[in-house]
> 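Dumping the structure here so I can ask a few things about it.
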Amino acid sequence: MTDTEGPGRDLRGLVLPEVGGLVETGDAWEPYRLLDAGGAVVWAVEVYLAELQASGNPASTLRSYGMDLLRWWRFLWVLGVAWDRASREEGRDFARWMQLADKPVRVHWRHRQAGREPERLPTPRPAPGTPNPVTGKPTPGRKYAASTRAHSETVLRGFYGFHLDRGTDTVLVNPFPLDRSRRGSRAHEHHNPMDAFAPTRTGRYRPKVPKRIPKRIPDDKFNEIFAGLRSNRDRALLASWVSTGARADELLDSVERDALPGQQLISVTRKGTGDVQMLPASTDSFVWLRIYQHEIWAKGAPHGRDEPLWWTLRRPWRPLNYPAARQMFNRANQLLGSNWTLHDLRHTAAFRMAEDPEMPLTHVQWVLAHARLTTTQIYTTPSADEGDRERARPSRPPGPAPRGTPARFARSWLQPGLAEHPVRRPARMTSSTTAQAVPRPAPPISLLPPP
């Protein structure tokens with residue numbers, strides 16, 4: 001037990017126990033439950049998650065909030081402090097612990113069955129925090145990231161703020177207060193609507209999260225990853241992700257009726273808003289999709305307009321979920337020694353669209369479903385490794401244009417590869433999700449193998 005008296009609490013040796021847990025119930029009315037060390041449901045978290053669900057948050061948000069609350073509960077169990085008796089000192093020490101302590105080493109369930117201890121497991125290679133030689137992205141470090149600490153502070157401040165507003169008698173103070181500059185005032189009060197909003201500090205223990213320029217997958221590296229895929233389903237998925245710019249889970253939730261090969265469109269349900277939006281996709285993605293469907297239907301996979309579009313490749317047939325798709329992409333990463341993620345495919349599609357001179361940035365915003373244009377503008381800034389490649393590329397004088405083709409060329413944002421071809425100006429987009437409002441895709445570059 002750690003000493004809890006005074007501000008001199010020693011947190012160096014504090015280790016969170018693996019007690020309690022966040023369990024998935026499978027019930028749409030109560031997707032997740034937080035259990036204490038004795039296996040009982042924590043009612044304070046139960047009512048808070050119900051409040052989040054009533055506010056229109058999806059089950060994934062409830063899980064994210066529940067994991068942060070589980071970490072806080074385990075921290076209080078080590079200190080021997082009840083959740084409703086936590087003070088500003090516990091909130092301060094929790095912020096210090098997340099900033100300075102190493103992340104707990106969890107043993108995989110396969111290793112637990114074998115009886116292996118964390119210190120006996122092989123150390124990860126490369127070392128945590130070192131940049132990847134292929135992508136330049138650092139591997140996950142030993143410490144909690146600033147974004148993780150900021151999210152945890154926001155969740156816990158909102159949790160205690162909810163119970164204070166609810167009138168829970170045992171809660172006397174919020175352990176995660178607002179910043180001192182915000183005391184007794186609200187953010188952006190007396191704001192001039194003609195001026196931009198200045199950044200303001202919200203929580204007292206909330207860290208500053210640095211802004212990072214998203215990384216794209218170079219065309220040559222994407223082609224190597226694509227060539228290393230094992231199945232036609234994986235090829236159809238990657239071609240669809242990099243041509244539509246949809247999030248990974250948005251495309252995985254599609255059903256058969258969402259794919260419209262004749263119109264070269266696929267509809268997805270947008271994250272957050274829940275709106276159904278039709279996105280243009282490449283021709284090759286539909287060709288790979290049809291090849292994959294013929295293969296899996298011949299093996300007896302379910303077939304119907306309301307059936308999932310993506311299935312596992314082994315029996316029993318199950319809809320493909322995000323962890324399985326991520327593992328598939330990680331296997332392809334191992335061939336190159338890279339550490340790209342599925343979300344980097346969305347970044348790659350966004351960079352290609354932003355580089356197309358025939359496609360306005362507002363059209364890119366519509367395809368990516370960004371609420372603000374400033375979010376889309378980050379894809380107009382080249383990353384550092386991209387600038388290095390451009391400087392290292394030898395310059396060549398432009399040759400004459402082929403006869404019978406327009407003089408202006410642009411790289412297609414629908415297709416991977418380095419080839420260039422003429423594109424047509426997309427149709428004018430509106431807020432409607434009909435096929436007439438979707439820009440017509442450019443002539444594709446074939447990803448299919450030669451006959």
> Hey, does R233 have a side-chain heavy atom less than 4.5 Å from the side chain of L320?
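They are in side-chain contact.
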
> Looking only at side chains, do Q377 and T380 share a donor and an acceptor under 3.5 Å apart?
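Checked: Q377/T380 side chains show no N/O donor-acceptor pair below 3.5 Å.
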
> Is it true that R235 and D284 make a salt bridge, defined as a side-chain N closer than 4.0 Å to a carboxylate O?
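Here R235 does not pair with D284 in a salt bridge, since their nearest N and O are not under 4.0 Å apart.
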
> Side chains of Q293 and H303: donor-acceptor distance under 3.5 Å anywhere?
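Distance-only check fails for Q293 and H303.
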
> Taking the side chain as every heavy atom from C-beta outward, state whether T202 and D179 have any atom pair closer than 4.5 Å.
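Result no, sub-4.5 Å side-chain heavy-atom pair not found.
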
> Please examine the side chains of L76 and F94, heavy atoms only from C-beta on, and report whether any two atoms are closer than 4.5 Å.
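No, their side chains stay 4.5 Å or more apart.
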
> Carefully, step by step, assess R290 and E295 under the rule salt bridge (charged side-chain N to carboxylate O under 4.0 Å, His left out).
CA-CA 9 Å; R290 182 59 64 185; E295 289 180 351; over 6 Å; no

> For the CZ atom on R372, are there more than 12 heavy atoms of other groups (residues, nucleotides or ligands in this structure) within a distance under 6.0 Å?
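No.
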
> Indicate the atoms forming the closest heavy-atom contact of L368 with G245, along with that distance.
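Smallest heavy-atom distance, with atoms named: CD2-O, 3.8 Å.
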
> Within 45 degrees of the axis of the six-membered ring of Y65 and under 6.0 Å from its centre: does R71 put its NZ or CZ there?
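Not flagged: R71 not positioned over aromatic ring of Y65.
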
> Would you check, one step at a time, whether the test salt bridge (charged side-chain N to carboxylate O under 4.0 Å, His left out) holds for R9 with E90?
CA-CA 10 Å; R9 180 180 292 151; E90 281 72 35; 3.1 Å; yes

> Between V364 and M359, is there a side-chain heavy-atom distance shorter than 4.5 Å?
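With C-beta onward as the side chain, the pair touches.
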
> Between R33 and E46, does at least one N-O distance fall below 4.0 Å, as a salt bridge requires?
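No salt bridge links R33 with E46.
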
> Are R96 and Q99 linked by a side-chain donor-acceptor pair shorter than 3.5 Å?
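Looking only at side-chain atoms, Q99 and R96 do not form any donor-acceptor pair under 3.5 Å.
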
> Ring centres of F159 and W83 under 6.0 Å apart?
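Under 6.0 Å, so yes.
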
> Taking the six-membered ring for Trp, are F176 and W72 parallel (under 30°), tilted (30 to 60°) or perpendicular (over 60°)?
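Ring orientation of F176 relative to W72: perpendicular.
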
> Please tell me whether T269 and D253 have a donor and an acceptor in their side chains that are separated by less than 3.5 angstrom.
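There is no such pair between these side chains.
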
> With side chains defined as the heavy atoms from C-beta onward, is the minimum distance between D93 and M98 less than 4.5 Å?
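Not in contact.
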
> Would you say that more than 12 heavy atoms from the other residues, nucleotides or ligands in this model lie under 6.0 Å from the CH2 of W29, or not?
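Not buried by this count: 12 neighbours or fewer within 6.0 Å.
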
> Does the side chain of P316 reach to within under 4.5 Å of the side chain of R318, using non-hydrogen atoms?
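Yes, side chains in contact.
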
> Compare all side-chain heavy atoms of R247 with those of W241 and state whether any distance is below 4.5 angstrom.
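Result no, sub-4.5 Å side-chain heavy-atom pair not found.
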
> Is the Y379 ring parallel, tilted or perpendicular to the H347 ring (thresholds 30°, 60°)?
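The arrangement is tilted - the two ring planes meet at 30° to 60°.
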
> Are the side chains of L289 and L309 in touch, meaning some heavy atoms are under 4.5 Å apart?
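The answer is yes, as the side chains (C-beta and beyond) meet within the 4.5 Å cut-off.
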
> Using a 6.0 Å cut-off, check whether atom CZ of R230 has over 12 heavy atoms from anything other than its own residue.
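12 or below, so no.
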
> Out of N174, T170, T168, D84, which one pairs with H163 under the side chain to side chain donor-acceptor pair (under 3.5 Å) rule?
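Among N174, T170, T168, D84, the one that satisfies the side chain to side chain donor-acceptor pair (under 3.5 Å) with H163 is T168.
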
> Salt bridge check, E307 against R257: does any charged N sit closer than 4.0 Å to a carboxylate O?
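Salt bridge: no.
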
> Which is it for R157 and E153 under the salt bridge (charged side-chain N to carboxylate O under 4.0 Å, His left out) test, yes or no, and what are the steps along the way?
CA-CA 6 Å; R157 177 160 43 87; E153 191 273 341; 2.9 Å; yes

> Please determine if D249 and K271 form a salt bridge, counting it only when a charged side-chain N lies under 4.0 Å from a carboxylate O.
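Salt bridge: no.
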
